[in-house]
Structure formats: structure tokens, C-alpha cells
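Before any comments, here is the structure.
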Amino acid sequence: MIGIDALIRMIAGLQEAELRRWIDERWVRPERAATGFVFREVDVARVRLIVELRQELAIDEEALPVVLQLLDQVYALRRRLKAMSDAIDAQPDAVRQAVQARLVRDAGGDED
Amino acid sequence: MAARNPYEVLGVKKDASEDEIRSAYRKLAKRYHPDLNPGNKEAEARFKEISGANDILGDKDKRARFDRGEIDASGAERPEAAYSRYRGFAEGAPGEKYEYRSAEGMAPEDLDDLFAMFGRGARGQRAGGTIRLRGADQQYSLTVDFLASVNGAKQRLSLAPDKSLDVTIPAGVRDGQVLRLQGQGGAGLNGGPNGDALIEIHVAPHAFFRRDGDDIHVDLPVTLGEAVLGGKVTVPTPAGPVSMTIPANSNTGRVLRLKGKGVAGRGDEYVTLKLVLPDGGDSELADFLKQWAAKHPYDPRRGMT
């Protein structure tokens, strides 16, 4: 958990004005404390990602929300897939094998 | 592992300009960035290699030193990222704060469709810690002959070498229609109900009947005598032959309707007459027509000039 000044010192090439704009756009969502914004680890990693997308991959701020929205969807799906696969893992062997056999069969293409 | 030549990694020539290198790097980085490719180990490895190559070629001094052989391709390989990548958080509970929400501020419940998909239909029920699951639906295709599709029939479908099913084909079934046989699909789990068998029907074409909606069409060959003088003929219908009267002076192409002789009693059968001359010609007929045609000229093509 760090404040905005520490975060800006930590990430090379990050300008305060652009970070504040990203917060206004809700691309980054720190918590608000009496002392100002507080960033968790996930927020720090997200800021780094946005900096990389902007600087290294040259994705401009017009395209950025599209990229972030798709990423957020992908990660939401992956969290659910993970939850589902954990639920399957917790099943008795017979169930797990049946699920696996079915997945293998479906991945094997059309049967006819 | 020896690092690959950075020029090869970025796919640029030895004399590439800084712009060319930057653009090659961006192109590859967009494709292989690990946060854009969660769970893809190969992308991660490629991205590391690409970053390493860019660290050398993207820096004038390092590039010059590499070109002079002072450092090797691995010389500037990035140390394992000193910070944690976003995906490490995003895939776990901390990522939930960036859960995707649509512009209308709708809750992310639509993504929970994923859970609903799981055990669809059976709506997996929890009972004593085990999930009761409905069996999967299984799809088959069955080719039926034309008359069976019109009149209905029973037909045996083999589902597996040791399993077959008698399928009742309803009268009037259409090509492409899917029959659902409840409980004949995959077995349920833990007492869940069986899935259904979904059978897609393919109707084989018939030698002379054609179907259009609920109507049947057939071309009926008639003799010259039947066309000129009229008379009773036997006409095939899907339900069996019926007798039909051809009016005198019926041209080829004339369409006669047999009411109620279509599909499953709903449609009609349309009979198109086709005049057929005797095989091999007939000299008596030819002689007669020579005299007759001279006396009775007519021009069936007058409308075409």
C-alpha cells in the first residue's frame, strides 16, 4: 500500500498528470484515504501495465480503454475458469475422469 | 541456453535504422506481451527474448558494442522482471476490483453465464456434496428416404456398435429438422437425468417426386393420344397411385392438381404433363401429319417475334 508520490518515484516515465487522468477514467482504481490515494499491489501492477502499453507498445489513450476492457474480460473469464476447474478437482475421481474424457473428446473435433 | 542473435529475434537486417528496430520490436511485443497472453508460456518466453534483443538493439551504445563483438546476445538479457506482473494479481482475487462492467454499470452477472453453461438444462444441483449433473445431449444424423419423410416411418439408428434406437419419423418431417429424443443422450452423473439424443434428419431425394412446402410436384409423361383426346391415367402419389382424368387437348406443361395428395394430407400434388412421342418414330403418324399440317397451319411461336 503506497501513496501517489511513492508510486510516481517507483515507475520510470510515469507522469502525475497522466496517472490522475487514468484514475479519473477509472482505468486505475486506488482507494481514497484521508491522506490521498492509496495503491494496492494490484493497482501498482496495473499502472505498470498501462505505462508499458502506452510507452513500449505505443497504444494511445484512444485505444487504451478498449484494450483494458478486453483484458478485464479475459481475466474475469480466467478467474471463473479457475474456479470451475477447482470445483472439478474437488470432485470424486469418476466425475473428474468423466469431465476430462468429455473435454478430450470435444477437443478432438467432430465425431460422426 | 545460448541467446539467439538479437537481429534474428526482431527479424531486422544488420543495417536496420532505429525506427525499423523500434517498429519491429513494438509489433512483436504487442503480439507476445505476457499480460495480453495470460497462461501462454511460449508467449512469455518469446517476450523475454524480444525484450532482451530490444535492450541491445534499442540502445545505440549497446548495439555498437554488440556489433563489435564486445558483448554477446545474452549480455544484456534482462534480469527476471524485478516487479510482479499484472496478470499475477489479475488472475486471482485481487483482480476482482477490475472486474469488467459494461457502460451501463451492469453487474458482471452476465459472465456468470459461464457457470450456467456448466450443467445446462440440468442446472447442476448440489445434494450432499456431490453435484448431480444431467447427461450431455448427443447429436446424430439420420438419412431417411423421401417417402418415409412424407408418410412417416420407424427407422433404426445405431448410436454405437452395441446400441441402437428405433426412431419414429413423424409424417411430413423436413430436411434439416432436428428430432429430440428425451433421455436417450449421455448418462447423467450422480443420479442426474440423462441427456437427450438430437437427431438431424436428412431427406434423400426421390426419383420423380419433389417437395415444396407441403405440396408435392411430379412430372407425368403422357402419350400424344392422351394429350389430344384426354382420358384416365394412373398417377403416383406418395400415398400410392391414384386415378386422374386428363382433359382432351391438354398441352405439354399443363399442370393438374390433385387436392389433398400432398404431404401428410395438408398440401396438394401438382402434376405437370410431359408429352412423350413414341420411341423410334412412327411412319403412319408421320404420313398423317404431313397431310394434316398442310391443311391446319398454326404458329406456336408467334409471340416470340
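We use all heavy atoms of the structure for the numbers below, so side chains are in, but hydrogens, waters and symmetry mates are not. Here is the naming used below: chain letters follow the sequence lines, and residue numbers restart at 1 for every chain.
- With rounding to the nearest 0.5 angstrom, the CD atom of A:E52 is 9.5 Å from the CG atom of B:L36.
- Annotation for B:D35 and A:Y75: closest pair O-OH, 2.8 Å, computed over non-hydrogen atoms.
- In the displayed structure, A:R96 atom CZ is contacted under 6.0 Å by more than 12 heavy atoms of other residues, nucleotides or ligands.
- Only the side chain of A:R78 comes within contact range of chain B, judged by heavy atoms closer than 4.5 Å.
- Between the side chain of B:R85 and the backbone N or O of A:A45 there is no donor-acceptor pair closer than 3.5 Å.
- Counting non-hydrogen atoms of neighbouring residues, nucleotides and ligands closer than 6.0 angstrom, the NZ atom of B:K60 reaches no more than 12 such neighbours.
- Between B:F89 and A:V42 the shortest heavy-atom distance is CB-CG2, 3.6 Å.
- In this structure, B:E91 and A:K82 have side chains that are not in contact, with every pair of non-hydrogen atoms separated by 4.5 Å or more.
- For chain A, the nearby parts of B:R87 are the backbone and the side chain; heavy atoms of each come within less than 4.5 Å.
- In this structure, B:K97 contributes its side chain and A:R29 its backbone to a donor-acceptor pair below 3.5 Å.
- Considering all non-hydrogen atoms of both residues, B:R26 and A:Q55 come closest at NH2-O, 3.4 Å.
- Screening A:L68, A:D43, A:L71 against B:Y98 for a side chain to side chain contact (heavy atoms under 4.5 Å, CB included) leaves a single residue, A:D43.
- The shortest non-hydrogen separation linking A:L57 to B:H33 is CD1-CD2, 4.0 Å.
- For A:E41, the CD atom sits in a loose shell: 12 or fewer heavy atoms of surrounding residues, nucleotides or ligands are nearer than 6.0 Å.
- Around atom CD of B:E200, more than 12 heavy atoms belonging to other residues, nucleotides or ligands sit under 6.0 Å away.
- In the displayed structure, A:E18 atom CD is contacted under 6.0 Å by more than 12 heavy atoms of other residues, nucleotides or ligands.
- Across all their heavy atoms, A:R102 and B:A136 have their closest contact at NH1-CB, 2.7 Å.
- Contacts of A:V47 with chain B are absent, with no heavy-atom separation under 4.5 Å from either backbone or side chain.
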